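What follows is a single structure, written as structure tokens, with notes after it.
Naming: A, B, ... by sequence-line order, numbering from 1 per chain. None of the values given here were measured: they were computed from a predicted structure. Side chains are part of it too, since the values below use all heavy atoms of this structure and drop only hydrogens, waters and symmetry mates.
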Amino acid sequence: MADQPIVQVKDLTVGYGSTVILKDINFDVRAGEILTILGGSGSGKSTLLKHMIGLHRPLSGSIVIDGTDIVTAQGQQWLDVLRKIGVAYQSGALFGSMTILSNVALVLEEFTDLPREAIEVIAQMKLKAVGLQAAAYKMPSELSGGMRKRAAIARALALDPKILFLDEPSAGLDPITSAQLDELVLELSRSLGITFVIVTHELPSIFAVADRAIMVDRESKTIVADGRPKDLRDKSEHPMVRQFFNRRLEKVDA
Amino acid sequence: MEDTEQTTYRLEPGQGAQATLTLKGRLDHDGTASLWRPCMRELRALRPKQLTVQVGQVEYCDGAGIALLMEIQRIQADSGGRAEIRDLRPQFRQLMALFEIDHQVLPPKPLGPLANAIHNIGRWAAGLFFDFTAQVSFIGEICVKLLKTLFHPASLRRSDTFLMAEKAGVNAVGITALLGFLIGLILAFQSAAAMQKFGAEIFVADLVAIALFRELGPLITALVLASRSGSAFAAELGTMKVNEEVDALVTMGLDPVQFLVLPRLIAAVCMLPLLTMFNLLFGLIGCGVVMTTWDVPISTYIERVSEAATLGDVVGGLAKTFVFGTLIAGIGCLRGLQTGTGPSAVGDSATRAVVSGIIAIVVADGIFAVVYYFLGI
């Protein structure tokens, strides 16, 4: 079960209009693993994520999530896929006019027949899991950046997704909060068996949580590295990958 | 597929105050939703002292299922009983450990009606007071900085001022002209109906000209500016405030009032009289169109208008527009700079800018009417 791919990206070409950002990329995400997508600024890692969650249409290729191709999925099929995934956006994207609890409860109210009291209990549980139960009745504007990101994860967890996509979860957080967030990801992965796809460029987080990392590159528009972060750091042939993991500039002769 | 498996529960009273609750099937969102209400109702009715929850046959359990188990425990605890969950599979036990909450956080208690009323009145009064002081200090600040700019004209951001003049003035010519034309047309048409009874159609020119010059022209143009540009100023400055651009200006040593407010204020004050003139011209044309349909010659109409409206009417009307322009731009910018945080803050600022702008215009117009009456203008 652990080796079964839950997400399959096949011959994917993405871009905007005539600008191609990534060309013919292929990779799988195995069920239960924590995959990080790395890359420099502007390399298209966020674009790749937005395609994987179906916000953008690829120029060509397919993305299969748990057996359904989301590029061609429509109607009920599409909604079924959405129930299997959760997304936590970079800045939280919590609805500012609702309390944290209502933010988490929203999808439960809309997509399940659970009674009000049950929804309340579930929402509080999810908030407890991310350590935010005390802030349940606060507004998003009253929370700090780290709390907002955790609340976003709680909201993404609301319908018990199989796959959780996180866009730069630790960007703009202090090292301690960032480490707590990593801890949370590991705990959710261990106890719920959720598959994680994380876009990030925070080295400490990558080493702390990632089972596997893939790196996309702006120049070649492909995946230049795929493997365990440690292996990539120590053994990669690619100069850019080494630079990234060792966090230094190397002169590359053209 | 496994979801064809029914999610079921069976609550069996045992000896004494004991009972056994057996859960089977998939405890996912849908399964749990189907049995939550009846199960809780039965449990509340039975009130067993000792409840055994058999979950050995639960094949799948997610957050909703855990919530169900916890709610059962809570109900038991509330009625003074005990609950024991038996045979929960290890992977679900882990889930429970992660999600378990020992108590529910309750929403903050709302105040009672009386306390709430007092609270609201206090908040309203304090808000009014702070708003008033903010406006007074803002007016003072603007006056001081306008004077400074008068002596050092180079300190004004000229390109910004012209850009604002274009946005608030030039781009509004079409709509003000159209409104003026329609108002002139409508006014002439409506009053002609009454005037015709006395065979005094020609005096429609007097009525429309005086009404337009003294009241309607300036007022309508000011309303257009308030809704078009007052709200835009508030939204622009509000967005800058939210993006910390205003803070950036302050730390760079640039005064936001000097840098952002004055160009807008000066542009609005210069543009409003010009726009009003357009409005008046097209108002007269609109009236003229109606007059010609009653076979009043154009030359007679023009003569009538120039006789009826004195220079005092024209100047008195245009003098108001300077005050209106100041009010609109000032209020728009103040509301923009007062923008709070949150996604609706900018929208609120724009709304407040338009509402208080329109109120200020009408109040100022009333004051002008009284002053003009005593001055005999």
Self-check item: L108(A), part contacting chain B, at a heavy-atom distance under 4.5 Å
Solution: side chain
Quiz item: Just wondering, more than 12 heavy atoms not from L128(B) lying within 6.0 Å of its CG?
Solution: yes
Quiz prompt | Residue pair A64(B) / L114(A): nearest heavy atoms and the distance that separates them | solution = CB-CD1, 4.3 Å
Self-check item: chain A contact via L106(B) - which portion, at a heavy-atom distance below 4.5 Å
Solution: backbone
Self-check item: When P140(A), A158(A), P115(A) are compared by non-hydrogen pairs under 4.5 Å with chain B, the top option
Solution: P115(A)
Check every N and O of chain B against chain A and note each donor-acceptor pair under 3.5 Å, with its distance.
| residue | atom | partner | partner atom | Å |
| --- | --- | --- | --- | --- |
| H29(B) | NE2 | D160(A) | OD2 | 3.3 |
| W36(B) | NE1 | E117(A) | OE2 | 3.4 |
| G63(B) | N | D160(A) | OD1 | 3.2 |
| G63(B) | N | D160(A) | OD2 | 3.1 |
| L98(B) | O | K128(A) | NZ | 3.2 |
| E100(B) | O | K128(A) | NZ | 3.2 |
| H103(B) | O | Q133(A) | NE2 | 2.9 |
| V105(B) | N | Q124(A) | OE1 | 2.9 |
| V105(B) | O | Q124(A) | NE2 | 2.8 |

Practice problem: Determine the minimum heavy-atom distance between A67(B) and I122(A), stating which atoms define it. | Solution: CB-CG1, 3.3 Å
